[in-house]
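The structure appears right after this line, and notes come after that.
Here the structure is a predicted model, which means the values were calculated and not measured. What you see below is based on every heavy atom in this structure, not just the backbone, and it leaves out hydrogens, waters and symmetry mates.
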Amino acid sequence: DLSEEMGYESIMDSVSRFRQAATYQIRGTILEDFGYYVNVYMARIGGDNAYINADPVLKNTFRTNRGNKVYFDRSSGEIAYRSPFIDFRFAHQPVSWGLGSSGKLILSDFPEQFPYISLAKYWKWGGFSFLHGKLMAEDTIETVQVQKIYPDKWITINRLEFSPCSRMAIGLTDMIIYGNRSVEWGYMLPIHYFRAVEHNLNDRDNALLALDAEMRIYSRVKLYGTILIDELKKDELFSNWYGNKHGFQLGMHLVDPFKFSNLDIRCEYVAIMPWVYTHNYNINRFSTYGRPLGYWTGPNSEV
């Protein structure tokens with residue numbers, strides 16, 4: 001597939017930008033169980049410099065500046081195999097886990113894409129997913145022959161989803177961010193409880209937990225929500241202690257309300273406490289190349 005895109009945007013103070021892009025895509029299957037996918041995106045953005053840098057398509061992508069134009073490209077890919085026992089993926093593409101329309105607290109496509117391997121298995125009552133990915137750390141102040149040093153940074157995450165009844169689904173997610181070393185073997189076992197593994201590795205990493213649920217109240221009304229726990233101390237649970245770092249998201253989705261066909265209404269509220277997604281060590285921040293892996297506003301925000 002080949003697609004061409006051209007767009008022009010302008011805001012009230014006479015600042016404008018234009019974008020021209022081409023997307024080349026190849027996809028297919030072999031014997032139905034093996035799939036492949038490649039997507040190459042090449043673009044240029046021109047106009048006011050500040051307005052160019054605010055374009056969300058850029059993210060933290062490497063770019064080349066030529067006058068008042070910015071050139072950049074991006075390649076995504078995936079190799080997938082489905083067996084009777086498990087689904088396997090080796091991919092380099094955007095990934096998102098969790099609920100929410102305005103953004104996701106767990107994993108969102110707000111940051112630049114990153115490579116990962118994943119395993120998944122689904123049953124009638126739910127499913128289990130595992131992902132281990134390579135993130136992009138921020139550079140250190142050290143250099144080698146004037147070249148910046150970017151330390152290794154990783155994410156490991158597993159998720160259990162189940163439906164206690166036909167109208168309700170619940171998800172439990174266990175996440176670890178770690179770095180400054182090679183792949184940790186203990187984090188490569190999909191069915192581990194990663195928070196306990198992190199404790200046994202001398203408590204050097206950033207552990208997060210999340211609980212999300214959605215429930216269909218009526219045939220056209222759905223309520224959903226997510227609680228993200230970065231740190232939690234039971235003795236200080238309802239106090240103003242800075243270490244209780246958490247965020248939550250509540251939402252309601254109405255389909256065809258008041259008998260208006262083809263209309264849907266969604267309302268969401270998100271609150272993220274100060275210091276959520278952060279850590280004592282910069283390498284363990286819940287981010288890739290400075291952009292949050294979770295909800296796009298980051299800590300200390302309300303939407």
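More than 12 heavy atoms of other shown residues, nucleotides or ligands fall within 6.0 angstrom of atom CE in Met168. Counting heavy-atom neighbours within 6.0 Å of Tyr150 OH, excluding the residue itself, gives a total above 12. Atom NZ of Lys148 sits in a sparse spot, with 12 or fewer heavy atoms from other residues, nucleotides or ligands closer than 6.0 Å. Atom CG of Leu201 has more than 12 heavy atoms from other residues, nucleotides or ligands within 6.0 Å. Within 6.0 Å of CH2 on Trp125 lie more than 12 heavy atoms contributed by other residues, nucleotides or ligands.
One hydrophobic cluster, built from ILVMFWY side chains closer than 4.5 Å, cannot hold both Tyr36 and Leu119; they sit in different ones. At a threshold of 4.5 Å between side-chain heavy atoms, the hydrophobic network of Ile, Leu, Val, Met, Phe, Trp and Tyr places Val276 and Ile176 in two separate groups. Using a 4.5 Å cut-off between side-chain heavy atoms of Ile, Leu, Val, Met, Phe, Trp and Tyr, with links allowed through other members, Val197 and Ile191 fall into the same hydrophobic cluster.
The hydrophobic cluster containing Tyr37, built from Ile/Leu/Val/Met/Phe/Trp/Tyr side-chain heavy atoms closer than 4.5 Å, comprises no other residue. Under the 4.5 angstrom side-chain criterion for Ile, Leu, Val, Met, Phe, Trp and Tyr, the cluster partners of Val57 are Tyr41, Ile45, Ile52, Leu58, Val70, Phe72.
Of the possible polar contacts, none joining the Asn206 side chain to the His279 backbone as a donor-acceptor pair under 3.5 Å is found. Judged by distance alone, the side chain of Trp154 and the main-chain N or O of Arg181 form a donor-acceptor pair under 3.5 Å. Judged purely by atom type and a 3.5 angstrom limit, Lys153 uses its side chain to pair as donor or acceptor with the backbone of Ser287.
A cation-pi arrangement is present between Arg291 and Phe110, with the terminal nitrogen or guanidinium carbon under 6.0 Å from the aromatic centre and inside a 45° cone about the axis.
Contact detail for Leu189 and Phe194: the closest heavy-atom pair is O-CE2, 3.6 Å. Across every non-hydrogen atom of Lys245 and Thr278, the tightest pair is NZ-O, 3.2 Å.
Between Asp87 and Arg82 a salt bridge is recorded (basic side-chain N to carboxylate O distance below 4.0 Å).
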